Amino acid sequence: MKDEGRSLNFIEHIIEDDLLAGFPKSSLRFRFPPEPNGYLHIGHASSICLNFGLGERYGAPVNLRFDDTNPAKEEKEFVEAIKKDVAWLGYHWDSECYASDYFQQLYDWAVMLIRQGKAYVDSQTSEQMAEQKGTPTEPGTNSPFRNRNVAENLALFEAMKQGEFAEGTHVLRAKIDMAASNMLMRDPIMYRILHRPHHRTNTDWCIYPMYDWTHGESDYIEQVTHSLCTLEFAPHRELYDWFLDQVVTEGRIRPKQREFARRNLSHTIVSKRKLLHLVEQGVVNGWDDPRMPTISGLRRRGFTPESIRNFADTIGIAKRENVVDVSLLEFHIREHLNKIAPRVMAVLDPVKLVITNYPEGEEEWLEAENNPEDPGAGNRQVPFSGTLYIEREDFREEANRKFFRLKLGGEVRLKNGYIIKAVSCSKDTDGNITEIQCTYDPKSKSGSGSEESLRKVKGTLHWVSVPHALKAEVRLYDRLFNDETPDGHKGRDFMEFINPDSLQQLEGYIEPSLKDAQAGQGFQFQRLGYFNVDKDSTADRLVFNRTVTLRDTWAKIEQRR
RNA sequence: UGGCCUAUGGUGUAAUUGGCAACACUACUGAUUUUGGUUCAGUCAUUCUAGGUUCGAGUCCUAGUAGGCCAACCA
């Protein structure tokens, strides 16, 4: 395991304590329980990494369980997307489970509770029941149907199941305590009538169990030992335990629920409802838009599973409210891509540069290292000629000595090529520079070993040869929100903080070695950032998504100016 | 006018359970560098407050303060 020596988080402490108390390690089992009603996002990634990480740490199985108890919101499409995302993150689930597989068992147990006088059919409207529920500071009052006799409850529940009633006319409730300080214990609903086909059970059922009644019992059926969920479920624990009390038998494992704080990422939102809003309003182009914090969006943006796992591992898990800075996520993707991404040259804001003393019509192929961080990555040939594109911001007519780039009369090295000196430049009528003229030192060729080639010049520029360059579409992304916590302001809608400039599309020039790049491949455009080939690419036009820029200390110096 | 949970640098997480507050990110210095990248070295804390116990408190006790969650036939 890679986290040898790492300190334990509070969940691991709980497990270690259980082990110390004699619980057999071989019985440990976890689960990741998504509801298939949307796409997984970076917040889920933390939960996935937590549960599957525990599985790896303790050599325990982890189930992927779909919490599919609400046919009104759930779809098969989401099941497939979720499976893809979990697998992409690199995790293997032991069993693929569905809460809907337990509908019969849940029903049988419910009948048992009715027989024991612990559940009853309530025939009021939801409004009436809400009134009787009380408030956090006032106790609730009993339903007039609370004392229906067992035979009547049984008959009614059976009729509910047979589809004899309309939606909303009856529910099954657990008979607990309408005066409980925990409102979830005030006779919670166990079943409601829903005449909707289910993505797996189709029309077999028209009564569906509620979350609280389903979740703990599902854990119990699967013999999950530690059922981990987010903090807002903490008050549910009492009910989770009450429901378990009704069905647990000796010799079988009794699951325990423990709660951790969900991870919040700065400058983004991770609420399925709000993400859906962004999609529906057309703020982004779908769930896998590279600006979305969904797993599919991050994948398309060019994030690697390793970077996301390392990120989740670094932020850890605890019980307090938090906002993790996106810069940490960016650090992890840079860290990984720095090791594995092949270096290439691309010019995104081109200005033409002509080498006046370079032989007319000549070209040559220069040796370039694919990745200085990985000697095994090998070399490639890059075409060079007397007409190049360089980045517009890499040239200034005049500049102070802090500007390490090209200026009139100044020298600079062309990456993998020659040392050049800027002589003059041409402008259009508006004063924009249209061309830079320079000379080169033929003896300064990179790697030639000559005295001139070893000369130190302060700046090195990337470039692309005009006659050889390929055009490509490049999409530059910035954070989707200008505010650190867009949904953290009372009385203000998160949509107010949308960054209008989160996407910039442009046409750039790339070196010809990229010609056959495939969707999903990541590269470092030297001195610019990491870019990933988008699925919108066609045979004659590549599209690149900027995953993240390189760290840019020059930009900071410029900003401070 | 209730119940439950949480408070450690700018951010996130630790602290062998009472023994020198550590790690990572960010920011800032400097060195190296044919990527202003990478790498390397360094700098940045009244542990929410006030009392108390103790040789010694982030940790234990008391009283406060602040924040979050709970009244869906959602999960």
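Per chain, numbering begins at 1; letters A, B, ... match sequence-line order. Keep in mind the model is a prediction, meaning the values are calculated, not measured.
- In summary, the aromatic rings of A:Tyr211 and A:Phe233 are positioned with their centroids under 6.0 Å apart.
- Atom CG of A:Asp212 and atom CZ of A:Arg237 lie 14.0 Å apart (nearest 0.5 Å).
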I'd like a list of close polar pairs between nucleotides 14-16 of chain B and the protein, N/O only, cut-off under 3.5 Å.
unit_1: B:A14; atom_1: OP1; unit_2: A:Ile317; atom_2: O; d: 3.2
unit_1: B:A14; atom_1: O2'; unit_2: A:Ser7; atom_2: OG; d: 3.0
unit_1: B:A15; atom_1: OP1; unit_2: A:His13; atom_2: NE2; d: 3.3

Between A:Arg527 and A:Asp394, does a salt bridge (charged side-chain N to carboxylate O under 4.0 Å, His left out) hold up when you go through it step by step?
CA-CA 11 Å; A:Arg527 302 213 302 136; A:Asp394 282 342; 2.3 Å; yes
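- Without hydrogens or angle criteria, A:Ser266 side chain to A:Val326 main chain gives a donor-acceptor distance under 3.5 Å.
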Would you please test A:Gln124 and A:Asp122 for side chain to side chain donor-acceptor pair (under 3.5 Å) and show each step?
CA-CA 6 Å; A:Gln124 302 182 95; A:Asp122 198 335; 3.2 Å; yes
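- A:Lys402 comes within 4.0 angstrom of a nucleotide base, judged by non-hydrogen atoms across all strands.
- Nucleotides B:U13 and B:A45 have their C1' atoms positioned 15 Å apart, rounded to a whole Å.
- Electrostatic pairing of A:Glu222 and A:Arg31 does not count as a salt bridge here, judged by no charged N lying under 4.0 Å from a carboxylate O.
- Within 4.0 Å (heavy atoms only), A:His215 reaches no atom of the nucleic acid at all.
- In this structure, A:Thr135 reaches the bases: a heavy-atom distance under 4.0 Å links it to at least one base atom across the strands shown.
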Could you write out RNA chain B as dot-bracket? Rules: Watson-Crick or G-U wobble, both distances under 3.5 Å, brackets [ ] for crossings, | for pairs with another strand, dot for unpaired.
.((((((..((((.....[..)))).(((((.......)))))....(((((..]....))))))))))).....
Taking N or O atoms only and anything under 3.5 Å, show me the protein contacts with nucleotides 72-74 of chain B, one pair per line.
unit_1: B:C73; atom_1: N4; unit_2: A:Gln124; atom_2: O; d: 3.2
unit_1: B:C73; atom_1: N4; unit_2: A:Gly168; atom_2: O; d: 2.8
unit_1: B:C74; atom_1: OP2; unit_2: A:Arg192; atom_2: NE; d: 3.0
unit_1: B:C74; atom_1: OP2; unit_2: A:Arg192; atom_2: NH2; d: 2.7
unit_1: B:C74; atom_1: O3'; unit_2: A:Arg192; atom_2: NH2; d: 3.2
unit_1: B:C74; atom_1: O2'; unit_2: A:Asn70; atom_2: ND2; d: 3.3
unit_1: B:C74; atom_1: O2'; unit_2: A:Lys73; atom_2: NZ; d: 3.0

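- In this structure, A:Phe233 reaches the bases: a heavy-atom distance under 4.0 Å links it to at least one base atom across the strands shown.
- A close approach under 4.0 Å does occur between a side-chain nitrogen or oxygen of A:Lys319 and OP1 or OP2 of B:U6.
- Exactly one of A:Glu391, A:Glu411, A:Glu393 qualifies for a salt bridge (Lys or Arg N to Asp or Glu O under 4.0 Å) with A:Arg405. That residue is A:Glu393.
- When ring centroids are compared, A:Phe145 and A:Tyr120 stay outside the 6.0 Å threshold.
- Rounded to a whole angstrom, the distance from the P atom of B:G3 to that of B:A63 is 14 Å.
- Between A:Phe157 and A:Tyr191, the distance from one ring center to the other falls under 6.0 angstrom.
- For A:Lys421, the NZ atom is loosely surrounded, since the number of other residues' heavy atoms within 6.0 Å does not exceed 12.
- For the pair A:Glu138 CD and B:G3 C1', the interatomic distance rounds to 14 Å; values are reported in whole Å.
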I'd like to know whether A:Arg396 forms a salt bridge (charged side-chain N to carboxylate O under 4.0 Å, His left out) with A:Glu558, so could you lay out the CA-CA distance, the side-chain angles of the two residues, the decisive distance to 0.1 Å, and finally the verdict.
CA-CA 14 Å; A:Arg396 283 184 194 171; A:Glu558 282 280 278; 2.8 Å; yes
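- In this structure, A:Phe311 reaches neither bases nor backbone, as no heavy-atom distance under 4.0 Å exists between it and the strands shown.
- Within the 6.0 Å centre-distance limit, the rings of A:Phe103 and A:His198 are counted as a close aromatic pair.
- Atom C1' of B:A57 sits at a distance of 38 Å from the matching atom of B:C40, rounded to the whole Å.
- Between A:Phe384 and A:Trp365, the ring centre distance reaches or exceeds 6.0 Å.
- OP1 and OP2 of B:C70 both lie 4.0 Å or more from every side-chain N or O belonging to A:Arg186.
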What nitrogen or oxygen pairs link the protein and nucleotides 33-35 of chain B at under 3.5 Å?
unit_1: B:U34; atom_1: OP1; unit_2: A:Lys456; atom_2: NZ; d: 2.9
unit_1: B:U34; atom_1: OP2; unit_2: A:Lys456; atom_2: NZ; d: 3.2
unit_1: B:U34; atom_1: O2'; unit_2: A:Lys415; atom_2: NZ; d: 3.2
unit_1: B:U34; atom_1: O2; unit_2: A:Asn416; atom_2: N; d: 3.3
unit_1: B:U34; atom_1: N3; unit_2: A:Arg413; atom_2: NE; d: 3.4
unit_1: B:U34; atom_1: N3; unit_2: A:Ser446; atom_2: OG; d: 2.3
unit_1: B:U34; atom_1: O4; unit_2: A:Arg413; atom_2: NH1; d: 3.0
unit_1: B:U34; atom_1: O4; unit_2: A:Ser446; atom_2: N; d: 3.4
unit_1: B:U34; atom_1: O4; unit_2: A:Ser446; atom_2: OG; d: 2.4
unit_1: B:U35; atom_1: O2; unit_2: A:Gln524; atom_2: OE1; d: 3.0
unit_1: B:U35; atom_1: O2; unit_2: A:Arg527; atom_2: N; d: 2.9
unit_1: B:U35; atom_1: N3; unit_2: A:Gln524; atom_2: OE1; d: 2.6
unit_1: B:U35; atom_1: O4; unit_2: A:Arg343; atom_2: NE; d: 2.5
unit_1: B:U35; atom_1: O4; unit_2: A:Arg343; atom_2: NH2; d: 3.0

Scoring nucleotides 19-30 of chain B by protein non-hydrogen atoms under 4.0 Å (B base, S sugar-phosphate only, - none) yields -----SSSSSS-
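- Following rounding to the nearest Å, A:Met185 (CE) and B:C4 (P) show an atom-to-atom distance of 14 Å.
- Taking the ring centroids of A:His170 and A:Phe165, they lie under the 6.0 Å cut-off.
- The shortest heavy-atom contact between A:Asp441 and A:Tyr418 is O-CD2, 3.4 Å.
- Taking the P atom of each, B:U6 and B:C60 are spaced 12 Å apart, rounded to whole Å.
- A search for side-chain contact (heavy atoms from CB on, under 4.5 Å) contacts involving A:Pro197 returns A:Asn202, A:Thr203, not counting sequence neighbours.
- Nucleotides B:C48 and B:G58, compared at atom P, are 10 Å apart to the nearest Å.
- Between A:Leu406 atom CG and B:G36 atom P there is a gap of 13 Å when expressed in whole angstrom units.
- Syn is the classification of B:U17, since its glycosidic angle stays within 90° of 0.
- For A:Phe523 and A:Phe531, the ring centers are positioned 6.0 Å apart or more.
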